[in-house]
Amino acid sequence: MAHTRTVTPSHPLLRPRLRAVAPAQATRAASPTAPTPVPDSVRDRLAEVAEYLPPGATLLPAPEHTLPALPGRPPMVGYLVLLPAGPETAAAPPAEEGPVTVDGERRVARVDGRPLDLTYLEFELLAHLVAHPHRVHSRDQLVQTVWGYGHVGDGRTVDVHVARLRRKLGAEHRHTIQTVRRVGYKYLP
């Protein structure tokens with residue numbers, strides 16, 4: 001079995017677990033007798049990335065032949081993110097109590113008990129943000145998660161939908177979806 005280290009982010013509300021596999025172990029057969037430790041510099045970088053990955057994700061070094069090489073430059077480093085299959089990837093952490101509630105089964109979103117009239121994508125975006133409070137989501141992450149991999153577009157699509165959501169939440173609760181400059185958005189109940 002390959003030597004792995006589990007890295008967890010320091011923020012108590014962000015509890016995804018990340019298995020980092022040392023580069024040497026990803027390319028050779030695992031040996032239970034002499035595990036190679038993960039270097040501290042790699043572990044520190046992985047801790048920064050861990051809060052953006054879903055629970056159970058495994059980060060592996062990408063094979064060298066898959067990375068582009070630039071003349072006169074050091075070799076590039078890349079990683080593969082492996083996600084577990086099954087219901088644990090779809091399960092969202094329990095949402096905190098707040099003014100916005102989302103019932104995914106009935107597809108109803110409410111703010112202070114008042115139902116919101118949302119389009120399909122507005123509902124999906126709000127449900128995702130509410131399910132992951134305090135977590136910063138980049139525009140690209142939201143496009144991949146809410147719109148799906150086949151979506152053709154850019155981060156402006158997310159900006160437009162967030163603006164519509166804020167309008168529908170009303171002046172009193174529009175601040176619950178906060179902009180993180182040059183990154184994306186987060187939901188604060």
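At a threshold of 4.5 Å between non-hydrogen side-chain atoms, the residues Leu165 and Leu116 do not count as touching. Taking the side chain as every heavy atom from C-beta outward, Thr179 and Arg166 approach each other to under 4.5 Å. Annotation: side chain of Val158 is not in contact with side chain of His137 (no heavy-atom distance under 4.5 Å). Contact check for Leu118 versus Lys168: side-chain heavy atoms found under the 4.5 Å cut-off. No side-chain heavy atom of Arg135 sits less than 4.5 Å from a side-chain heavy atom of His128. Gln178 places none of its side-chain heavy atoms less than 4.5 Å from the side chain of Tyr185. Between Pro99 and Thr176, some side-chain heavy-atom pair lies under the 4.5 Å cut-off. The shortest side-chain heavy-atom distance between Asp159 and Arg139 falls under the 4.5 Å cut-off.
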Self-check item: Full working for side-chain contact (heavy atoms from CB on, under 4.5 Å) between Arg110 and Val108
Solution: CA-CA 7 Å; Arg110 298 179 183 277; Val108 174; 3.9 Å; yes
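Remark: the backbone N or O of Thr119 is paired with a side-chain donor or acceptor of Glu122 at under 3.5 angstrom. Using modelled atom types, one side-chain atom of Gln141 and one backbone atom of Ser138 make a donor-acceptor pair closer than 3.5 Å.
Summarising the geometry of Tyr187 relative to Leu129, their closest heavy-atom pair is CB-O, 3.4 Å, with the distance given to 0.1 Å.
Rounding to the nearest 0.5 Å places CG of Leu125 at 7.5 Å from NE2 of His161.
For CZ of Arg106, the number of neighbouring non-hydrogen atoms (other residues, nucleotides, ligands) closer than 6.0 Å is 12 at most.
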